[in-house]
Protein chains: 2
Amino acid sequence: MPTRLKDIANALDVSIVTVSKVLRGKTDVSAETRDRILRKMEELNYKPNMIARGLASGRSLTVGLVVPDIADPFFAELARSLGAHLRRSQYQLLLASADESPAVEQHEIENLLQRGVDALLIASCQTDPASLNSALARSTPCVLLDRALPGSNANFVGTDDVLAGRLATEHLLSLKRTRIAHIGSEGTSTANDRLLGYREALAHRGIPADPALTLACDLHSGRPDLLGYNAMRRLLERPEHPDAVFCYSDLLAVGAIRAAREFGRRVPEDIAIIGCGNLPISAYLEVPLSSMDQGTAELGEHASSLALQLIGSKTRSKPRSVLISPRVVVRASTGLPRA
Amino acid sequence: MPTRLKDIANALDVSIVTVSKVLRGKTDVSAETRDRILRKMEELNYKPNMIARGLASGRSLTVGLVVPDIADPFFAELARSLGAHLRRSQYQLLLASADESPAVEQHEIENLLQRGVDALLIASCQTDPASLNSALARSTPCVLLDRALPGSNANFVGTDDVLAGRLATEHLLSLKRTRIAHIGSEGTSTANDRLLGYREALAHRGIPADPALTLACDLHSGRPDLLGYNAMRRLLERPEHPDAVFCYSDLLAVGAIRAAREFGRRVPEDIAIIGCGNLPISAYLEVPLSSMDQGTAELGEHASSLALQLIGSKTRSKPRSVLISPRVVVRASTGLPRA
DNA sequence: ATGAAAGCGCTAACAC
DNA sequence: GTGTTAGCGCTTTCAT
């Protein structure tokens, strides 16, 4: 059986309260008593029971994180960054992966709330905004990550996706490409915003948006690389081919490149392709992939700071929004010989 | 404030215990009372407080997982598989990433134990076996994942790494290669075992192990791709070049391929290269990478089953060991035109 | 500077 | 079937 406060107290003939005070660094304990207690804790290898502490204090020193898929490199990196930052503030990250299922996500959110997390970070795969509102309505502070919720005015930390779409497209425009396609996704704010940025960039150059050059994949329906492959095939079967493509994600781009090459197109000479997310392995792909870097580590830093801040503030402050600026990383798929 | 058992009990003029019994599906409650209670729970949107339940019952319905790095695709996939399986048994996974630091790992292990996890799964990055023993000595059931602890006879679930090394090397031998190198790692059981399998395979064919063909990288010292790159350079600078390489991990292999090609070697014609881990993106690399698949999902399944079993059994049963058989996946880096 | 009393929300054992 | 009593290990408030 592990040592309890009671054991220390008994051994030293002091009260449990006094021991508890030392444990929590209260100053109203004599230096001598404190020393004896600290020594005894050491000797008996005392470790506080966080469950009991949580129940008594109402705070668990815990932050929950729900991601759509922990095996997605972006969310894995985000989780790592968050965990590292929270650890420095004595907080522990509780991680749940929703496996791309809104139902599982709902379940995991409830679960974490029932476990008494002090704050909840959610990168939602929900298509229906309503289901998140029940969580946001609770008294536990919540931060939406990466994907914003259209109507809601919740706390949010994520990439400036409109800017991502714009910068990616402008990069392609700078390569003198004129028929620029977009292989996108649907349902999420990230998908909508990147599409928006893409259109903005084209409009800014006076290029009409050709609806035949915009495809949306249902990312729930299969492996993204294969979806990208099929999307590119459809683009190439059309009479007027694109000479560049901005893909919603790197994995879509990887599949798109594969398709382009199988159909005899050279990348980037015939078709320049850029993705988004900046996969760590981008530089080693069959065609090193240009991409939008989302500053994932920075994102995690902001998110954990915001979470801790919300926990600290007594009153429910007005929702804050933090947008991280993405940047273009150029590799061979849009022209650089090697990265 | 969230609803408590007490609120239900008061509203219905029954005792808290009766409500608690309904909550836990005990049968010694009349059908009518049960119905009233269930209805009231629904109406007041009751959610049990898992912290209080944990403190009272001594079980948290929680399993902890510590991995060296959650951003490593292998561990991410493992975490996903574990989480999914545990969820089906009403258990929640608490995930901690040690960021490749033994000190952080130790800290996270303590932390999870203090949070009252019912079982602890550890993929350790510890080099010193002793530090794990303090955790293994506790009453909380423990399972070592992926990496075994040399002296200890703890529960273990992992890949049969000797077999992995043997199969990989035999595959290279089947391609008529005779000077087969190994770019390995050190300190972990996985590294030792894969090296062992490599040597076994060579010995079995009567090929003497040339020490000049075996390199070990310190994976803590930098990005694995660059370590693989440098290791391959060193191999190529030597008078007698290898005609094949078995790499400890896929990322090492990726770097090795890059180096080989930069030095004018064709892969696989001049040098065949196989990795281990079977990265999801293997097929899209500059040279699609042959690799040893570790059956990660299966591994997670076995690990969660074992964990639940240990939780269930009153007595501390004798340690069990589960070894998953890896299999060769052939792609272009060892000869297939495309995968 | 120290501690007694009360309780966090729930479960476990035993009575009725 | 239902309820009573007694905690789980800790914190909180308030006396002393």
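A note on names: the letters A, B, ... follow the listed sequences, proteins ahead of strands, and every chain is numbered from 1. Quantities reported herein were computed from a predicted structural model and do not represent experimental measurements.
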With the side chain of [X] defined as its heavy atoms from C-beta on, choose the nearest nucleotide among [options].
X: B/T18; options: D/dC10, D/dG3, C/dC10; result: D/dG3
X: A/V29; options: D/dT11, C/dT2, C/dC10; result: C/dT2
X: B/S15; options: C/dG9, C/dT11, D/dT4; result: D/dT4
X: B/R59; options: C/dG9, D/dT11, C/dA12; result: C/dA12
X: B/D28; options: D/dG3, C/dA12, D/dG1; result: D/dG1

Heavy-atom distance under 4.5 Å between the side chains of A/L149 and A/N133, does that happen here?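 SC-SC contact between A/L149 and A/N133 confirmed.
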Does the side chain of A/D72 reach to within under 4.5 Å of the side chain of A/V67, using non-hydrogen atoms?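 Not touching, per the 4.5 Å side-chain cut-off.
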For [N] and [X] - does any side-chain N or O of the residue sit under 4.0 Å from the phosphate oxygens OP1/OP2?
X: B/S20; N: C/dT11; result: yes
X: A/R24; N: D/dT12; result: yes
X: B/T33; N: D/dT2; result: yes
X: B/S57; N: C/dC10; result: no
X: A/Y46; N: D/dC10; result: yes

Atom [atom1] of [X] to atom [atom2] of [N]: distance rounded to whole Å?
X: B/R53; N: C/dC8; atom1: CZ; atom2: P; value: 18 Å
X: B/D13; N: D/dT2; atom1: CG; atom2: P; value: 13 Å
X: A/I8; N: D/dG9; atom1: CD1; atom2: P; value: 13 Å
X: A/D7; N: D/dG9; atom1: CG; atom2: P; value: 9 Å
X: A/L61; N: D/dC10; atom1: CG; atom2: P; value: 14 Å
X: B/M50; N: C/dC8; atom1: CE; atom2: C1'; value: 16 Å
X: A/K21; N: D/dC10; atom1: NZ; atom2: P; value: 16 Å
X: B/K6; N: D/dG3; atom1: NZ; atom2: P; value: 16 Å

Identify whether any heavy atom of B/V17 sits under 4.0 Å from a base atom; if not, whether one sits that close to sugar-phosphate; answer base, sugar-phosphate or nothing. base
Is a side-chain donor or acceptor of B/S101 paired with a backbone partner of B/A103 at a separation under 3.5 angstrom? yes
Between B/E77 and B/T296, is a side-chain hydrogen bond (donor to acceptor under 3.5 Å, both in side chains) present by the stated rule, with each step listed? CA-CA 7 Å; B/E77 179 61 33; B/T296 315; over 6 Å; no
Between A/R4 and B/I16, who's closer to the 5' end of DNA chain D by nearest nucleotide? B/I16
hbond_proxy B/K26 side chain to D/dG1 base (donor-acceptor, 3.5 Å cutoff):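 Between D/dG1 and B/K26, which were checked side chain against base, a qualifying N/O pair under 3.5 Å is absent.
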What's the separation between atom CG in A/L55 and atom CG in B/N49, rounded to the nearest 0.5 Å?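 Here the interatomic distance stands at 6.5 Å.
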Distance (rounded to the nearest 0.5 Å) between A/L308 CG and A/Y91 OH: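 Separation between the atoms: 6.5 Å.
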